[in-house]
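As the structure is a computational prediction, the values presented were derived from the model and not from experiment.
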Amino acid sequence: VAINPQTSFRHLKNEEMISFIPMQSISDEFACWMGNDQCSVYDSKGYTKFKDGDLLWAKITPCMQNGKSAIVQNLTNGLGCGSTEFYVIRNLTIKIDLRYIHCLLRLEALLNDATKHFTGSAGQQRVPLSYLKNLLVPVPPIDIQKEIANHVQKIYDDAEKVKIKGLKSKNEAEHKFEQLIFG
């Protein structure tokens, strides 16, 4: 994979739109991008740049420890920009399933290990680029990587359904309680 690869917007005009992804648009719970904010190419200056299929991984505390990361898809014009506190990871080979790498980068053991390498002052600590560049990753055959990634995605999907069902039940219970109390 490439870490923080160059992403060019030169083929777009300054007024053309791309996706904009601030840190708060990445779910730490379900490892996905939630939102559809946009900005112009002109307004992208100074932000982290990426393209469809890239993995965004938060490098700053506490976002990194919370697992804020997502593989971004369906970006406006296939491109995006966002928080400068993301590392961008791009797949360069068919021998790697980036979803598998994403699963590894969300493991609690890896997140805990990454905190041991923080640089910066309290409250503004970051995982250094060297941590990712020197990270040794087990790479099983591609079919095993896909199996693992599919299994983990199913767990996330099931967890999200349970959460939605739980919130619906909570809201129904509160509504019934209000009716009993206030008529």
Side-chain angles (χ1 to χ4, degrees), residues 1-12 16-39 41 44 47-60 63-115 117 126-157 159-160:
V1 299
I3 302 168
N4 291 341
Q6 290 284 72
T7 303
S8 174
F9 299 164
R10 280 184 250 140
H11 64 285
L12 296 175
E16 287 189 78
M17 301 304 283
I18 58 172
S19 293
F20 178 73
I21 303 181
M23 188 65 74
Q24 63 265 26
S25 292
I26 300 291
S27 169
D28 53 1
E29 197 170 16
F30 300 113
C32 63
W33 167 39
M34 308 168 309
N36 99 30
D37 295 337
Q38 297 181 340
C39 72
V41 169
S44 71
Y47 288 105
T48 299
K49 296 176 179 158
F50 40 86
K51 67 179 189 173
D52 269 337
D54 285 347
L55 167 58
L56 306 181
W57 192 70
K59 61 183 168 182
I60 193 166
C63 299
M64 186 281 301
Q65 296 101 306
N66 294 340
K68 279 196 176 258
S69 59
I71 295 176
V72 293
Q73 300 286 352
N74 303 314
L75 299 170
T76 303
N77 283 315
L79 298 166
C81 68
S83 173
T84 58
E85 300 299 347
F86 290 129
Y87 284 126
V88 177
I89 301 167
R90 184 171 297 157
N91 195 358
L92 299 176
T93 176
I94 60 171
K95 294 180 182 180
I96 298 289
D97 186 326
L98 196 58
R99 299 172 310 143
Y100 168 75
I101 301 298
H102 189 201
C103 292
L104 291 174
L105 290 175
R106 287 185 47 82
L107 290 175
E108 188 174 339
L110 185 135
L111 297 174
N112 288 337
D113 184 62
T115 63
H117 296 85
R126 292 171 181 83
V127 177
L129 180 61
S130 60
Y131 180 80
L132 283 179
K133 286 190 172 195
N134 296 320
L135 186 63
L136 296 177
V137 174
V139 183
I142 189 71
D143 57 328
I144 302 296
Q145 293 176 51
K146 289 177 189 256
E147 185 179 328
I148 292 167
N150 289 337
H151 180 72
V152 170
Q153 187 59 55
K154 183 180 179 333
I155 291 169
Y156 285 151
D157 293 345
E160 191 170 15

Rounded to the nearest 0.5 Å, how far apart are [atom1] of [X] and [atom2] of [Y]?
X: L132; Y: N4; atom1: CG; atom2: CG; result: 8.5 Å
X: E85; Y: T48; atom1: CD; atom2: OG1; result: 8.0 Å
X: D52; Y: L79; atom1: CG; atom2: CG; result: 7.5 Å
X: K59; Y: S83; atom1: NZ; atom2: OG; result: 8.0 Å
X: L107; Y: D113; atom1: CG; atom2: CG; result: 11.5 Å
X: E16; Y: F9; atom1: CD; atom2: CZ; result: 11.5 Å

Evaluate the side chain to side chain donor-acceptor pair (under 3.5 Å) criterion for residues Y156 and R106: first the C-alpha distance (whole Å), next the side-chain angles of each, then the deciding distance (0.1 Å), finally the verdict.
CA-CA 12 Å; Y156 285 151; R106 287 185 47 82; 2.6 Å; yes
For [X] against [Y], the heavy-atom pair lying closest together:
X: I60; Y: R126; result: CD1-NH2, 3.7 Å
X: I142; Y: D97; result: CD1-N, 3.5 Å
X: C81; Y: I18; result: SG-CD1, 4.0 Å
X: K51; Y: V72; result: O-CG2, 3.9 Å
X: A70; Y: I26; result: CB-CD1, 3.8 Å
X: I71; Y: G53; result: CG2-O, 3.7 Å

Is the number of heavy atoms from other residues, nucleotides or ligands under 6.0 Å of [X] [atom1] greater than 12?
X: Y47; atom1: OH; value: no
X: K49; atom1: NZ; value: yes
X: E147; atom1: CD; value: no
X: I94; atom1: CD1; value: no

How about [X] and [Y]: do any of their side-chain heavy atoms sit closer than 4.5 Å?
X: L105; Y: L55; value: yes
X: L135; Y: L110; value: yes
X: V127; Y: H117; value: no
X: W57; Y: H102; value: no
X: W33; Y: S69; value: no
X: V1; Y: V137; value: no
X: C32; Y: S27; value: yes
X: I21; Y: L56; value: yes

Are K68 and D28 close enough for a salt bridge, meaning some N to O gap below 4.0 Å?
no
In sequence, state the C-alpha distance, the side-chain angles, and the governing distance for V139 and K95, and then conclude on side chain to side chain contact (heavy atoms under 4.5 Å, CB included).
CA-CA 9 Å; V139 183; K95 294 180 182 180; over 6 Å; no
Derivation of the side chain to side chain contact (heavy atoms under 4.5 Å, CB included) call for I101 and L98
CA-CA 5 Å; I101 301 298; L98 196 58; 4.1 Å; yes
T76 and F20: side chain to side chain contact (heavy atoms under 4.5 Å, CB included), yes or no, with the steps?
CA-CA 9 Å; T76 303; F20 178 73; over 6 Å; no
For [Y], is there any backbone N or O sitting under 3.5 Å from a side-chain donor or acceptor partner on [X]?
X: Y87; Y: L129; answer: yes
X: Q145; Y: P140; answer: yes
X: T93; Y: I96; answer: no
X: N134; Y: S130; answer: yes

What's the verdict on side chain to side chain donor-acceptor pair (under 3.5 Å) for R99 and N150, showing C-alpha distance, side-chain angles and the deciding distance?
CA-CA 8 Å; R99 299 172 310 143; N150 289 337; 2.7 Å; yes
Under a plain distance cut-off of 3.5 Å, with no hydrogens placed, do S19 and Q38 share a side-chain donor-acceptor pair?
no
Decide side chain to side chain contact (heavy atoms under 4.5 Å, CB included) for Q65 and T115; before the verdict, give the C-alpha distance in whole Å, the side-chain angles of both, and the deciding distance to 0.1 Å.
CA-CA 8 Å; Q65 296 101 306; T115 63; 3.4 Å; yes
